[in-house]
Amino acid sequence: MLWIKAFHIVFVASWFAGLFYLPRIFVNLAMVPADSHAERERLLMMARKLYRFASLLMIPALALGLWLWFVYFWSSGGWMHAKLALVVIVIGYHHVCRSLLRKFEQFSNQRSERWFRVFNEVSILLFIAIVVLAVVKPF
């Protein structure tokens, strides 16, 4: 089981790396001047590739997490329910990133770079909360 747990941690950390950086690309996209088509297209290409890569990393992270959950289901406490609720929120955050990317692709983004800076911090807070729950198991 330690191998499963180790690979789960690797894939979760890698998935979150994508979730940390993708909104940062959105910050840059929101700051691109209207006449800078090459810069915009370069950032969109980076965002598309990063989103696809993060999506591929999400799959084994969730699959290995489910495996661990089934094994430890009977011995887990309330911390596991809180962690699973946060994981559901992270999956939603991942899909919100896709929606925001599509808005940039369709020239329909209405949000400021400041909003994206705050949005960028959400993934970090979720990651911290999930790690604390998994390691400390406070309840």
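- Considering CE of Met31 and CG of Leu43, their distance stands at 10.0 Å, rounded to 0.5 Å.
- Heavy-atom neighbours of Gln110 CD from other residues, nucleotides or ligands within 6.0 Å: at or below the threshold of 12.
- One distance of note links CG of Leu19 with CD1 of Ile91; it measures 10.5 Å at 0.5 Å rounding.
- Here Phe20 pairs with Phe16, Phe127 under the ring pair (Phe, Tyr, Trp, His ring centres under 6.0 Å) rule; sequence neighbours left out.
- Trp79 and Ile9 are not part of a single hydrophobic cluster, where members link through side-chain heavy atoms under 4.5 Å apart.
- Listed by chain and number, the residues in a side-chain contact (heavy atoms from CB on, under 4.5 Å) with Val118 amount to none (sequence neighbours excluded).
- In this structure, the side-chain contact (heavy atoms from CB on, under 4.5 Å) partners of Val136, at least two apart in sequence or on a different chain, are Val132, Pro138.
- Between Asn120 and Arg24, the shortest heavy-atom distance links the atoms OD1-N, 3.9 Å.
- Panel note: side chain Lys137, backbone Ala134; a donor-acceptor pair is recorded below 3.5 Å.
- The hydrophobic cluster containing Val87 also contains Val135, counting ILVMFWY residues as joined when their side-chain heavy atoms lie under 4.5 angstrom apart, directly or transitively.
- With contacts defined as side-chain heavy-atom distances shorter than 4.5 Å, the pair Leu29/Asn109 does not qualify.
- Of all the heavy atoms in Ala30 and Ser112, the pair that sits closest is CB-C, 4.2 Å.
- Listed by chain and number, the residues in a side chain to side chain donor-acceptor pair (under 3.5 Å) with Ser36 are Glu39 (sequence neighbours excluded).
- Under the 4.5 Å side-chain contact rule for hydrophobic residues, Val88 and Ile124 do not share a cluster.
- Here CE of Met80 is found 10.0 Å from CG of Leu133. Values are rounded to the nearest 0.5 Å.
- Considering only heavy atoms from C-beta on, Arg40 comes within 4.5 Å of Phe107 through its side chain.
- Ile128 is connected to Leu84 through a chain of hydrophobic side-chain contacts under 4.5 Å among Ile, Leu, Val, Met, Phe, Trp and Tyr, so both are in one cluster.
- Of the inter-residue distances, the one linking Leu22 atom CG with Lys49 atom NZ reads 14.5 Å to the nearest 0.5 angstrom.
- Transitive grouping of hydrophobic side chains (ILVMFWY, heavy atoms separated by less than 4.5 Å) brings Val71 and Trp3 into a common cluster.
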For a quick test of your reading: what N or O donor-acceptor pairs under 3.5 Å do the side chains of residues 92-104 make, sequence neighbours left out?
residue	atom	partner	partner atom	Å
Tyr93	OH	Phe119	O	2.8
His94	ND1	Trp15	NE1	3.1
His94	NE2	Ser55	OG	2.9

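- Side-chain contact check for Phe116 versus Pro23: every heavy-atom pair is 4.5 Å or farther apart.
- The CG atom of Leu57 sits 7.0 Å away from atom CZ of Phe11, with the distance rounded to the nearest 0.5 Å.
- The minimum heavy-atom distance between Ala129 and Leu86, with the atom names listed, is CB-CD1, 3.6 Å.
- Residues Leu44 and Glu41 are in side-chain contact: their nearest non-hydrogen atoms beyond the backbone lie under 4.5 Å apart.
- A side-chain donor-acceptor contact under 3.5 Å links His8 to the backbone of Ala61.
- In this structure the side chain of Trp67 reaches within 4.5 angstrom of the side chain of Met1, judged on heavy atoms.
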For this session: With side chain to side chain contact (heavy atoms under 4.5 Å, CB included) as the test, would you mind laying out the steps for Val27 and Trp115 before giving the verdict?
Result: CA-CA 8 Å; Val27 169; Trp115 186 90; over 6 Å; no
For this session: Could you go through the side chain to side chain contact (heavy atoms under 4.5 Å, CB included) check for Leu62 and Leu66 one step at a time?
Result: CA-CA 6 Å; Leu62 294 176; Leu66 281 172; 5.5 Å; no
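- Not counting sequence neighbours, the partners of Glu113 by the salt bridge (charged side-chain N to carboxylate O under 4.0 Å, His left out) test are Arg117.
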